[in-house]
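Here the structure comes first, spelled out in structure tokens, and everything after it is commentary.
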Protein chains: 2
Amino acid sequence: MNYKESHTLILNNIARFIDLTELEKQKYLSLLTEIKVKKKAFLMQAGDIAKYEYFITKGCLKVYTLDEDGAPHISMFAVEDYWTGDMASFMTKEPTHYFIKATEHSELLGISRANYDLLFQEIPKFERFYRILYQRSLVSYIRRSNHGISLNAEERYIAFKKKYPKITNRITQKDLAAYIGITPEFMSKIISKVNRM
Amino acid sequence: MNYKESHTLILNNIARFIDLTELEKQKYLSLLTEIKVKKKAFLMQAGDIAKYEYFITKGCLKVYTLDEDGAPHISMFAVEDYWTGDMASFMTKEPTHYFIKATEHSELLGISRANYDLLFQEIPKFERFYRILYQRSLVSYIRRSNHGISLNAEERYIAFKKKYPKITNRITQKDLAAYIGITPEFMSKIISKVNRM
DNA sequence: GAAAAAAAATGAACTAGTTTAAGACTTTTA
DNA sequence: TAAAAGTCTTAAACTAGTTCATTTTTTTTC
């Protein structure tokens, strides 16, 4: 069977944890929706109910909340081969607190809540896929927040740059500051200091 | 069937997400190990391989890492009806970076890695149980770290006290400081200020 | 490709939280 | 139950990061 690029990408992502038959692959792909977002467009805004969970096949998006002062806190940059969305809102059907905005023209595959539930009925193997996916997300989430806690802003910047060199080049300094958890002004200072070294 | 208290507690915890037959309950319980830890004793220390994942049936434990300066960072207080352990080490069989120390005399049920793997073969329903458990952990983890980011230390203290009033009374101020992410001295200042208000 | 908008740099004044040190109070242990 | 160990309080000096204001550089848009 010959698949288009985005389908190959998502099937390979799933094949990391479970094996699907050709028929199951067809079935799975039939449950997905193709979505395109232009640069600066929102995939999700605070107040929305999260209709989908997303897999990124092309582009880059920032996932963030706004605090009471209106300052953004970016929790992740989602690029090709990443999963994103707001699981809390997706599961509970309550309004999200998140914004997801494309920082580049992006293409995604989305699974709706109805199809997500259907998926477990039709192909129970997916319980295992998501069990492992969530387990690994949890591990990397815990690792990240634990790692970040004892480092100062400069060390967090250096660590990010080392871990995600490609993403570093795709995003603005301002967005990186909102991810690292500092002001753009202090980010600017850190970068000029690190470059001087 | 009549169960002992700790078994009723864990079966009820599991019944939140999946239904087990009487036979499956028996099978599941047979895969668990009973563990007791005295106050101040370690359940796990950095460098160990995490042999078990734990369910607390009695007591209180603190889960923490030490940073380069030897300062502790507490990531959770685990009390009755909580799951704990180091999933990263448990899954990869690499040494943990965590310490888990009882702050009270505690009793736990542990599942070994071998039995955890066996569990999915014998009762595949548990894929679903863990899928939902990890999903919910992820949601509350994300919520917590996102919530914490825009609050100052005083607000984080007030939020903790409101969310976990019982735990607040069971732990020392020093441990609470290591959880909130500040020095014990500053914790002391905050508490006397909040009490004065 | 000019004008407008957004991002980045720089610097001075400020603040939340740390460090160090010492004394008072509480809990643990023999 | 006395001594030792650990926890809590208070205060002064300090520092990482913020805020605000201005200028320069880069990117976007028509």
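Only heavy atoms go into these numbers, but all of them, side chains included; no hydrogens, no water, no symmetry mates. What you see is a predicted model; the values in this text were computed from it and never measured. Just so we're on the same page: letters track the sequence lines, and every chain starts at 1.
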Nearest whole angstrom, please: distance from the P of C:dT27 to the NZ of B:K40. 12 Å
Quick check on the 6.0 Å ring-centre criterion: do B:F77 and B:Y179 meet it? yes
Would you please indicate if the ring centroids of A:F126 and A:F120 are separated by under 6.0 Å? no
Just distance, no hydrogens or angles: give the donor-acceptor pairs under 3.5 Å from side chains in residues 156-163 of chain B, sequence neighbours left out.
{"from": "B:R156", "atom 1": "NE", "to": "B:I180", "atom 2": "O", "distance (Å)": "3.3"}
{"from": "B:R156", "atom 1": "NH1", "to": "B:L151", "atom 2": "O", "distance (Å)": "3.0"}
{"from": "B:R156", "atom 1": "NH2", "to": "B:I180", "atom 2": "O", "distance (Å)": "3.0"}

Compute the centroid of each ring, for B:Y130 and then for B:Y116, and state whether the two points are separated by less than 6.0 Å. yes
Give a yes/no on whether any side-chain N or O of A:T183 is located under 4.0 angstrom from OP1 or OP2 of D:dT18. yes
How close or far is atom C1' of D:dC8 from atom CD1 of B:I171, stated in whole angstroms? 15 Å
How bent is the helix from C:dG1-D:dC30 to C:dA30-D:dT1, measuring the angle between the end axes built from five pairs each, rounded to 10°? 70°
Using whole Å, what does the distance between atom C1' of nucleotide C:dA7 and atom CD1 of A:I191 come to? 12 Å
Could you state the atom-to-atom distance from CE of A:M187 to C1' of C:dA9 in whole Å? 13 Å
Whole angstrom is fine here: how far is it from NZ in A:K189 over to C1' in D:dG17? 8 Å
Less than 4.0 angstrom between a side-chain N/O of A:Q173 and OP1 or OP2 of C:dA9, yes or no? yes
Which residue, A:K39 or B:D175, contacts DNA chain D at a nucleotide closer to its 5' end, judged by nearest heavy atom? B:D175
Counting only side-chain N and O atoms of A:S188, is one of them less than 4.0 Å from OP1 or OP2 of C:dA9? yes
Measure NZ/A:K101 against P/C:dA6 and give the value in whole Å, please. 10 Å
Can you measure A:F186 atom CZ to D:dA21 atom C1' for me and round it to whole angstrom units? 19 Å
